[in-house]
Amino acid sequence: QVHLVESGGGLVQAGGSLRLSCATSGRTFSSYAMGWFRQAPGKEREFVAGISRNGDNANYADSMKGRVAISRVNAKNTVYLQMNSLKPEDTALYYCAAIRMLFEAAVPARSEYDSWGQGTQVTVSS
């Protein structure tokens, strides 16, 4: 497993944007596919986006497609989640996740992730 630390959350007005970051330590970041999940109060954790080891492929939850973009910079051991046109219903604790993958271009299934960060809170006001 890998240690993950999220940052970039905060309070934003509806229609605004935020960029979340997730940093890891060590020299094996490029061995991991990365993802973002979120959990709102009283709801189950849900998938937001995932990206392959080499950054060439990504997948998104239908609910956020077109409003979010996941990216990574392996040289910085960091994955990002750019969120635009935020809505109050996007308010949640956002988690970074990782899974070691054999193939560099593969995007994992949502249930495969096995390392999790502590989360960063995103609050969208109306």
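Along the sequence shown, the residues carry numbers beginning at 1.
Rounded to the nearest 0.5 Å, atoms CH2 (W36) and CD1 (I51) are 12.0 Å apart. In this structure, CG on L20 lies 11.0 Å from CZ on R38, to the nearest 0.5 angstrom. Of the inter-residue distances, the one linking Y94 atom OH with C22 atom SG reads 15.0 Å to the nearest 0.5 angstrom. Here OH of Y113 is found 11.5 Å from CZ of R45. Values are rounded to the nearest 0.5 Å.
At least one side-chain heavy atom of Y80 sits under 4.5 Å from a side-chain heavy atom of V73. You'll find the side chain of R100 reaches within 4.5 Å of the side chain of T28, heavy atoms only.
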Name every donor-acceptor pair, under 3.5 Å, that has one atom in a side chain of residues 4-15 and the other anywhere in the protein, sequence neighbours excluded.
{"unit_1": "E6", "atom_1": "OE1", "unit_2": "Q118", "atom_2": "N", "d": "3.1"}
{"unit_1": "E6", "atom_1": "OE1", "unit_2": "G119", "atom_2": "N", "d": "2.9"}
{"unit_1": "E6", "atom_1": "OE2", "unit_2": "C96", "atom_2": "N", "d": "2.8"}
{"unit_1": "E6", "atom_1": "OE2", "unit_2": "G119", "atom_2": "N", "d": "3.2"}

Can I get a per-line list of side-chain donor-acceptor pairs under 3.5 Å for residues 81-88, giving both atom names and the distance, sequence neighbours left out?
{"unit_1": "Q82", "atom_1": "NE2", "unit_2": "N84", "atom_2": "OD1", "d": "2.9"}
{"unit_1": "N84", "atom_1": "OD1", "unit_2": "S17", "atom_2": "OG", "d": "3.0"}

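Not one N or O on the side chain of N77 forms a donor-acceptor pair closer than 3.5 Å with the backbone of S25. With hydrogens and angles disregarded, no donor-acceptor distance shorter than 3.5 Å links the side chain of R110 to the backbone of V48. The backbone N or O of R53 lies less than 3.5 Å from a partner atom in the side chain of N74, making a donor-acceptor pair. Formation of a donor-acceptor pair under 3.5 Å by the R72 side chain with backbone atoms of S52 is found in this model.
In the hydrophobic clustering of this structure, V68 does not group with V107; members are Ile, Leu, Val, Met, Phe, Trp, Tyr whose side-chain heavy atoms approach within less than 4.5 Å, directly or through other members. Hydrophobic clustering places L18 together with Y60 (ILVMFWY residues linked when any side-chain heavy atoms are closer than 4.5 Å, directly or through intermediates). Linking Ile, Leu, Val, Met, Phe, Trp and Tyr residues whenever their side-chain heavy atoms come within less than 4.5 Å places V79 and M64 in a single cluster. Residues V124 and F37 do not share a hydrophobic cluster, clusters being chains of Ile/Leu/Val/Met/Phe/Trp/Tyr side chains in contact below 4.5 Å. M101 and M34 fall into different hydrophobic clusters, defined by Ile, Leu, Val, Met, Phe, Trp and Tyr side-chain heavy atoms under 4.5 Å apart, directly or through other members.
Here the closest non-hydrogen pair linking Y32 and A98 is CD2-CB, 4.0 Å. Nearest heavy-atom pair, G50 versus I70, reported as atom, atom and distance to 0.1 Å: O-CG2, 3.7 Å.
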